[in-house]
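Reading through the structure tokens given below for one structure.
Chain A is the first sequence line, chain B the second, and so forth, proteins listed ahead of strands; every chain is numbered from 1. Any value given below was found using the heavy atoms of this structure, including those in side chains, with hydrogens, waters and symmetry copies removed.
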Amino acid sequence: MESAQFIFWRRCLAHRSFVAGGCLTGVLALSAIVSLVWTPWDPIKQNLRERFVAPSWEHLLGTDQFGRDIFSIIMQGAQNSITVGIVSVSIGMAFGVALGLWASAKRGWTEELIMRACDFMYAFPAILLAIMLVATLGQGAINAIVAIGIFSIPVFARLTRGAANAIWAREFVLAARAAGKGKFRITIEHILPNIISVLVVQATIQFALAILAEAALSFLGLGAQPPTPSWGRMLNEARSMIFINPWLAVYPGVAIAVAVLGLNLLGDGLRDVIDPRLARKR
Amino acid sequence: MSVFLAKRFLTFIVTLLGATVLTFLALEILPGDPAAVILGIDAPESAIQALRDKLGLDRPILERYFAWLGDIVTLRFGVSFTYSTPVIELVRARLAITIPLALMAMVLSAVVAFGLGVYAASRHNKPGDVTVMSISQLGISVPNFWLALLLILLFAVNLRWFASGGFPGWQNGVWPAFRALLLPAIALATVQGAILARFTRSAVLDTMREDYVRTARAKGLSRRATLWRHVLRNAMIPVITIMGLQFANLLAGTIIVEEVFALPGLGRLVLQAISNRDVAVVRDVVLMLAALVVFINFIVDILYAVIDPRLKPHDV
């Protein structure tokens with residue numbers, strides 16, 4: 001008799017996008033972790049005698065306008081992206097899931113109010129409000145992360161409420177109610193465990209979106225401030241040197257695209273594995 | 001139907017009101033005294049106070065909100081502190097860039113996405129489908145401002161076919177202006193198109209499973225005729241809804257892409273106004289953008305219900 005976990009992992013490993021996404025995400029995570037203790041060169045230390053050095057074995061991707069090793073900066077940039085992803089998705093999930101569960105348990109006007117508020121957040125051009133928020137609170141990595149997190153709240157709230165409503169209609173919930181369990185206890189013991197897989201899939205997708213949003217804010221100079229390595233800011237700095245060293249505008253973008261692609265593929269794969277009916281339908 | 005329309009309209013109005021509150025509050029907590037920012041740090045206290053009186057900054061917050069709301073409703077927009085020009089004039093000049101850019105990107109993405117999506121659906125699970133889906137997956141993962149940089153790199157720096165940025169203005173002929181907007185539009189359209197292509201594909205696939213499609217095939221209609229006459233028409237309904245929802249993303253994207261190509265559009269106006277603490281401009285432009293998005297979604301909602309009679313109001 002094979003355990004459910006074993007079957008789950010075997011299905012995962014047989015899924016092409018899951019494996020591809022997992023590998024790419026693994027590279028992202030690995031470079032962030034390794035860069036905590038080691039990078040080929042110091043990503044912050046300037047060396048003006050070695051500006052714009054072409055790629056070589058010594059400097060895999062060459063050096064930038066300050067003579068810093070680009071490969072090392074990109075490796076450390078992964079830390080920034082992963083931090084942004086984790087923190088903003090946590091903010092979005094914590095508030096969004098709580099609101100969604102609350103709406104679903106209460107129904108009636110509470111649900112209506114929460115959902116209308118979410119619709120409203122949806123209708124707003126998110127990046128514009130993020131820009132305003134960052135401009136208001138002051139530029140910097142933390143404010144950017146909070147702004148991105150706030151805008152993923154309605155995504156999680158909607159998803160949670162929809163999935164939770166479906167579970168509330170199931171018979172085992174009815175049985176739990178008949179047994180005298182309160183709404184709060186049912187939510188924690190029955191609803192949440194049954195919707196967690198949907199939430200994990202969405203979290204992966206939101207992680208990717210957060211990386212994109214942070215890169216956009218940093219590109220506009222509103223996100224991570226120097227000297228923290230950030231892929232978005234690297235691209236912004238590369239703009240003024242596009243005629244001198246065009247490659248500076250290529251590498252950070254590849255890094256962002258690889259990270260986002262990996263997370264998206266991983267999310268797609270997870271969704272298919274968790275809900276094979278959807279996979280067949282798509 | 002009229003109940004549905006009334007309900008939708010009410011939601012539309014409430015959303016707009018919410019947008020005004022949010023925009024107003026966001027700028028209310030903006031650190032720094034606008035009067036002091038406008039006059040500079042060396043300005044004497046009396047001058048700052050005089051400007052504060054003139055701008056009405058000392059009045060209670062509720063009073064200022066309702067005064068502003070009254071101005072907006074009667075379409076009396078504010079005056080920019082930095083340009084000393086009415087916001088509406090600043091906006092009018094910039095809309096001549098932002099709106100054509102957004103429309104170009106929308107048309108471009110729709111044409112490419114419909115083509116690719118329908119093609120992929122018609123080759124379901126064959127190499128053609130897999131290729132299109134892989135390309136679109138890649139398209140979704142690429143940040144539009146990076147794509148913009150790559151386009152500049154290829155077409156402006158290497159091939160020298162286009163200028164790397166700037167806008168010649170419509171008065172110097174339609175063609176040069178169109179050329180200046182083409183690369184930005186492509187950068188915007190790629191991401192939108194990739195998302196839309198995926199939606200088109202799954203909408204077409206869903207429709208192809210419908211009974212009436214099987215009936216059409218059973219009565220002897222060719223695959224191609226069924227696709228054009230029965231599948232596409234029905235599949236377009238959800239796709240158009242998504243296009244409406246994407247409009248907000250498109251506008252947001254324009255802000256960044258305009259910055260990359262140094263296009264003097266609405267996006268640049270807002271970004272500059274934010275760094276200048278030009279509250280009147282930021283407030284009114286953000287509100288206009290939000291109103292535009294809310295309005296488009298309202299129209300799409302109504303169109304959706306009009307086009308698809310199966311949609312009972314309570315389902316929407």
Practice task
Sort out for me which of B:Val270, B:Ile255, B:Val260, B:Ile152 touches chain A most, counting heavy-atom pairs under 4.5 Å.
Solution key: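 Highest number of heavy-atom pairs under 4.5 Å: B:Val260.
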For [X], is it the side chain, the backbone, both or neither that has a heavy atom under 4.5 Å from a heavy atom of chain A?
X        : value
B:Leu138 : both
B:Ile140 : both
B:Leu150 : side chain
B:Val14  : neither

Problem - Of A:Val260, A:Asn264, A:Val89, the residue whose pairing with A:Ile205 passes side chain to side chain contact (heavy atoms under 4.5 Å, CB included) - result: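 Of A:Val260, A:Asn264, A:Val89, side chain to side chain contact (heavy atoms under 4.5 Å, CB included) with A:Ile205 is met by A:Asn264 alone.
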Practice task
Could you tell me whether the side chains of A:Glu111 and A:Ser104 share a donor-acceptor contact shorter than 3.5 Å?
Solution key: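 No.
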With a 4.5 angstrom heavy-atom cut-off, which part of [X] approaches chain B: side chain, backbone, both or neither?
X        : value
A:Leu220 : side chain
A:Val258 : neither
A:Ala208 : neither

Practice task
Classify the angle between the aromatic ring planes of A:Trp247 and A:Tyr251 as parallel (below 30°), tilted (30 to 60°) or perpendicular (above 60°).
Solution key: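 Because their plane-to-plane angle is under 30°, the rings of A:Trp247 and A:Tyr251 count as parallel.
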Problem - B:Leu95 CG: over 12 foreign heavy atoms closer than 6.0 Å - result: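 Yes, because the 6.0 Å sphere around CG of B:Leu95 holds more than 12 heavy atoms from other groups.
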Practice task
For residues A:Ile74 and A:Trp231, report the shortest heavy-atom separation together with the two atoms involved.
Solution key: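 Answer, listing the atom of A:Ile74 first, then A:Trp231: O-NE1, 3.0 Å.
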Handout entry: Shortest non-hydrogen contact between B:Arg94 and B:Pro264, atoms and distance
Key =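 Of all heavy-atom pairs spanning B:Arg94 and B:Pro264, the closest is CG-O, 3.1 Å.
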